[in-house]
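For reference, the structure discussed in these notes is given below.
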Amino acid sequence: MQYNFNEIEKKWQAYWNENNSYKVENDFSKPKCYVLDMFPYPSGAGLHVGHPLGYIASDIYARYKRLKGFNVLHPMGFDAFGLPAEQYAIETGQHPATTTKVNIERYKEQLGKIGFCYDWSREVKTSDPNYYKWTQWIFLQLYNSWYNPKTNKVEKIETIFDAGNPMSDGRNAEPGNQASNIEHRLMEYRLAYKKESYVNWCEALGTVLANDEVVNGVSERGGHPVERKLMSQWFLRITAFAERLLVSLDNLDFPESLKEMQRNWIGKSVGAEIKFDVKCQLSDVSNTDKTDKQHPTYGINVFTTRPDTIFGVSFMVLAPEHELVNSITTAAQKQAIEEYQKFTSSRSERERLAETKTISGCFTGAYAIHPFTGKEIPIWISEYVLASYGTGAIMAVPCGDERDYAFAKHFNLEIPSIFKDIDISEKACSDKNVIIFNSDFISDLSVKEASKLAIEKIEEQKIGSRKVNYRMRDAGFSRQRYWGEPFPIVYGENGTAIALTDKDLPLELPFLETYSAGPNGKGPLANATDWVNSSQGTRETDTMPGYAGSSWYYLRYMDPHNSDTFCDKKISDYWNQVDVYVGGAEHAVGHLLYSRMWCKTLHDLGFISFDEPYKKLINQGMIGGSSRFVYRIKNTNQYVSNGLKNNYDVTEIHVDVNIVDGYELDLEAFKKIKNNEYSNAEFILENGKYICGEAFEKMSKSKYNVVNPDDIILQYGADTFRMYEMFLGPLEMSKPWDTKGIEGVHRFLKKLWRLFFDETTGCIVTNEAATAEELKTLHKHIKKIQQDIENFAFNTSVSQFMIITNELGSMSCHKREILEPVLITLVPFAPHIAEELWSVVGNKTSILDAQFPVLDESLLVENSFKYPVAIQGKARTEMEFALDLPQEEIEKAILENEIVQKWMEGKPMKKFIFKKGMMINVVI
RNA sequence: GCGCCUGUGGUGAAAUUGGUAGACACGUCAGACUUAGGAUCUGAUGCCGUGAGGUAUGGGGGUUCGAGUCCCUCCAGGCGCACCA
C-alpha cells in the first residue's frame, strides 16, 4: 500500500467535519487554553503560502494542548470590513457584501484543505450585524465613560459630576443653553468624542483620503491635489491610557522588539511646560477689533525636555496652525504669515515630517519675554513644529538642538552659548554630559541638576511646571466610508450628539447601490437620505475604522451566539485571557494597542475580569516571495540568460515563479504566457539552459512570485505542506518562500509510512514488546517534541521526527508499543497521516482524543558517558566512563591514556577541569 | 540620529546554564537495484592538506581551563520611530 496523501486527507477532513471533531464546549470543569490567530482580512487574492505560517504554528500548539487534556479554544473568523472591499466595489460595481462573502468562502475552502482544527461554529465576521451590534454597543460604553485620573480607571460618565471630579459644579451650573453647554463640556472627557481635526481632503474626488491613498501629495487615484481640511471627527481618548498601557507592558510575554515599538509609539518624555508672555504692542497687533480693555495678554506654552537650556533660548517657533498665530502677528507681517500658512496647509503631515533638507519659516513680528532675563525673543512659525505634538510651540535653543541650530543659521538668529567648553560654531551639541554656564542661577551645574533647579524656579514663579508628555495621540475613529460599522449616534436640532440606546442596536448598515462620497466631504452614507433623516434625529454618516471590529473579537469567540450580551461574564471568566496570540508584527502598534485599550475599558466597567487581552504574543516572520527575472535585450525580442546579461543592455522583467524550475526557465511555458505574448521570443542560453535572475520581495501578484498553497497541497499533501512550512526555520524569522527542501519532508512521511507498511505484505506492525533501547529512543523523542512545542521551536521538532523515523528504520522497529505514541506526537504536525495510520493499526476512536504520551525520565538515565578529552582546550580523544565514577579515578585513567600523554608532551598538569557529563579539559 | 533584531558550509538551518560547531534537511558527488529514474537504498560532503594535522560561526580586541554563546568596538543587513521640542 502506498502513501496516497490526497485520498487520506480528503477522507479524514470529511470525517472530522461529520463528527464535529473540533467542536469546543464551554466546559468549566476542564482546564482551558485559548490559542488565537490574528484573523485575516478576506482579500480577493486568496491565501498565499505566507498566510498559513502562523496558522500552522497555532494549530500545532492548540492540538498539542488538546492531547495534553486541555479544553482548547482555537477559533477563526474574518476581519471583513475595510477599505479594499469598498475600493473594489467602486471599480467593479459589485457590492462589498457580495465580494466579502465570496472571498470568505474561498478562504474557508483553502484553510480547510490545510487541515486546521478550527471550530467553525464559532466563526466571527466583523461585518455581520449580529457581531457589529456589539461593536456599536462597546462604542456606546466608550462614549458614556470617562477616564478618572484619580482612580486611574474608566468610570461611567455620570461620576464626573461627583464631588471632587471635574464637573462637580453640576448640571445646573450654566444658565441659558444649558443642555448643549454641558454636552459640550462632556465631550472634553468622553472616551469616544468628537473634535475638529485635519483630514486629507481631495477636492477633485470630493472625498477624504487615507494616508495610504495619498502619494507624493496627490491622490493615488487620478493624481489630484490633496489638502488638509478641518473636519469634525470621532476620536478615542487612548492618550488617557498612555501611562497604563506603558506600565503593564512590562508584565506581558511579548517579543521585546514589539514592546519597544509600543513604548516608542507611546513616546513618554519628561520635562517641563513653561509659559512665555507675549510682549504686546497694541498698535502692531493685527487683531484691531479689540479695545484696550479687552486686549488679552497672550502667553505661549511650550513643552521642553531640557528645562536646563532655558538661558539658551533665542527665539520661539509655533506650528503654523497654532491658535495664537493670527492674534499675535503684526500688521506688517500679516501677509507673509498668511502666505506661509497657505503653503504649509497644502502639505500633508507626512510630507512635512519627511522634509529634512529645506528650512522654511516666517517671522510673526511679535516677541515673547524671557521669564528670567526679560529679554525680547522673536516668535516665528515653521512647519518643523507640529501642532499635534506637545503644545504646538517650542522655545528654540539653537546651541542644543540641531533643528533649532539650522533654523537660526538659516535666518541669521542669535545662537547663545550655554555649554561650558563646547564649540558651537559648527554644530549644535545635544550631548547631555555637559556643564551649563552663562545661565544665571543654574550656571556650573550638570544637566540633571540644572533641570531640577530650573523646574523648581519655574514652579516657584508660577510660570510653568514639571510635565510628562506623550507622543501618542488620540486615535481617529471616523471614516468617511461606506463599508464599516455605522455609529449609533444621531444629532439633535442644535447639532448635539445623542447616543442611541442598547435596544436600538444593531444599527444596520443600509444597503447602497453606489458608494461614491456624499456632499461636503461626508461619507457615502450621507446619500441615503431616508436612512439619515430618522425619527430619532439626523444620523451620523461616518463609519468606524477597520480596527473597531478587531479590537474585541477575541471575546466574541468565547460566546459567539449570545444575543443578550457581547459575551457572558461567566464564560469570559472561564476562557479568560488569550494564552497565545500568533500574528504578524505589522499590527504592533495599531491593533494591539487599541485592543489593549478596549480591554482595559471593559475591565474597569466591570464587564470582564482581566485588563490585558493577550498573555503571550508570538510574531511569525513574513514569508517573502522569491521573484524570478528574465532579461530582454533592449529593442529586441531576445532574452539573455542571467550569467550573460552583463554583455548586453537589458530590461529586467518579472517572470512567473511557477514556470521556473529552481532558476531554469521552462521555455515552452514562457512562450505561452499572456496569450502567447512571447511566442516569438528568442533565447541566448548558457550551457543549454535559460537561467533566471532572482530577488526577494514581498509576495504579490504584480511581482509574479505568489505561490498558492493549493498547488503544493495537490502535489505533496497538506501534511507535507504543514511540516515543510515549519521546517523552513524559526517561526519568528522572515524568510523567502522556497520549495527546494520540500522533498525532504515528503520523503520523511513516506519513510514513516514504510514503518507501518510493506509494499507487498501490507501492514507490518507487531505487538512484540519493545526493548529498553527502543523505549529510550521513544522517550527521548517525547521529551524533545514536548519541549520544542512549548518553546514554539517547530523547525527542530520536525527534524526530531526525521531522526526517530531514521532510527526506527535502521532498528527495523515495527512495534505498536513504540509506533503508536510516535503517531500521537505527530498529530499536531501531520494530523491526517497520523489519523490514518492510527486507524490502520486497529484503533476505533479518533487519534485527536488520544492522550499525549507521558514522558518517563527514568528511561533516559544514562549510566556512562563518552567524555571528549581536551588538552589545552583542544579535543584530542574520547574516553567512556561510568557516570558515578569518582573524579580521581577518571583523572588517573585519563593521565595514563596514550593519546593524552602524547599531547601533554611530558609537561606537568596544572589543572584538571571536570564536570559530570561534559568535556574534560587538561590544562598544562 | 535613536531603539530593537539578525549575521554560522554551495543552500535552509542546529547547538538548555559558556563544555566535541555544522544536528536535521536541500543540493552535489560516488555506488547499489533497475528497461528506465524526477522511485528506493548505501556512502561521502565546512575550508586547506595525500597525510598527521591545521583552520573555521561578519571584522578586531577582551574575560575564561574553555566563547557561536558573555563584555568592548567596528562593519553589513532588516524592522520600527523621528524636524518629537
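Residue numbers begin at 1 in each chain, while the letters A, B, ... track the order of the sequences. The analysis underlying the following values was restricted to heavy atoms, covering all of them including side chains, and did not include hydrogens, waters or symmetry mates.
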Rounded to whole Å, how long is the line connecting atom [atom1] of [X] with atom [atom2] of [N]?
X: N619(A); N: G80(B); atom1: CG; atom2: C1'; answer: 12 Å
X: I266(A); N: G80(B); atom1: CD1; atom2: P; answer: 18 Å
X: Q262(A); N: G80(B); atom1: CD; atom2: C1'; answer: 12 Å
X: E807(A); N: A25(B); atom1: CD; atom2: P; answer: 11 Å
X: I871(A); N: G66(B); atom1: CD1; atom2: P; answer: 14 Å
X: L258(A); N: C79(B); atom1: CG; atom2: P; answer: 16 Å
X: Y384(A); N: A85(B); atom1: OH; atom2: C1'; answer: 8 Å
X: K467(A); N: A85(B); atom1: NZ; atom2: P; answer: 13 Å

Parallel, tilted or perpendicular: rings of F912(A) and F914(A) (30°, 60°) |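 Aromatic pair F914(A)/F912(A) classed parallel.
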Ring-plane angle category for F311(A) and F372(A), please: parallel below 30°, perpendicular beyond 60°, tilted otherwise.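 Ring orientation, 0 to 90° scale: parallel.
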If the cut-off is 4.0 Å, is [X] near the phosphate of [N], judged by side-chain N/O to OP1 or OP2?
X: R747(A); N: C24(B); answer: no
X: R471(A); N: A82(B); answer: yes
X: K910(A); N: C65(B); answer: no

Between [X] and [Y], ring centroids under 6.0 Å:
X: F757(A); Y: Y3(A); answer: no
X: Y716(A); Y: Y724(A); answer: no
X: Y405(A); Y: F407(A); answer: no

Could you work out the separation of [N] and [M] based on their [atom1] atoms and round it to a whole Å?
N: A67(B); M: G60(B); atom1: P; value: 15 Å
N: G22(B); M: G27(B); atom1: C1'; value: 16 Å
N: U40(B); M: C33(B); atom1: C1'; value: 8 Å
N: G1(B); M: U64(B); atom1: C1'; value: 37 Å

Taking any heavy-atom pair under 4.0 Å as a contact, classify [X]: base, sugar-phosphate, or nothing.
X: K259(A); result: nothing
X: K751(A); result: sugar-phosphate
X: R263(A); result: nothing

So which heavy atom on [X] is nearest to which on [Y], and how close?
X: V385(A); Y: P320(A); answer: O-CD, 3.9 Å
X: I379(A); Y: T364(A); answer: O-OG1, 2.7 Å
X: P255(A); Y: L617(A); answer: CD-O, 3.3 Å

| From the list A25(B), C4(B), G54(B), which nucleotide is the closest neighbour of the side chain of E260(A)? |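 Taking heavy atoms from C-beta onward, the closest nucleotide is C4(B).
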Could you check which nucleotide pairs with G12(B) in any of the strands shown, counting Watson-Crick or G-U wobble with both distances under 3.5 Å?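 Partner of G12(B): C24(B).
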*asked:* Partner lookup for A76(B), please. Criteria are Watson-Crick or G-U wobble with both distances under 3.5 angstrom; report none if nothing qualifies.
replied: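 Partner of A76(B): U6(B).
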Going 5' to 3' through nucleotides 15-21 of chain B and flagging B where a protein heavy-atom sits under 4.0 Å of the base, S where only the sugar-phosphate is that close, and - otherwise, we get --B-BB-
Please produce a list of atom pairs where a protein N or O lies less than 3.5 Å from an N or O of nucleotides 60-64 of chain B.
none

_With a 4.5 Å cut-off on side-chain heavy atoms, are Y594(A) and I238(A) touching?_
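A side-chain contact exists here, since the closest heavy-atom pair is under 4.5 Å.
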#### Entry: Salt bridge present between K776(A) and E862(A) (N-O < 4.0 angstrom)
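A salt bridge is present here (some side-chain N lies under 4.0 Å from a carboxylate O).
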Restricting both atoms to N or O, compile the protein contacts to nucleotides 5-13 of chain B shorter than 3.5 Å, with distance only.
unit_1: G12(B); atom_1: O2'; unit_2: L728(A); atom_2: O; d: 2.6

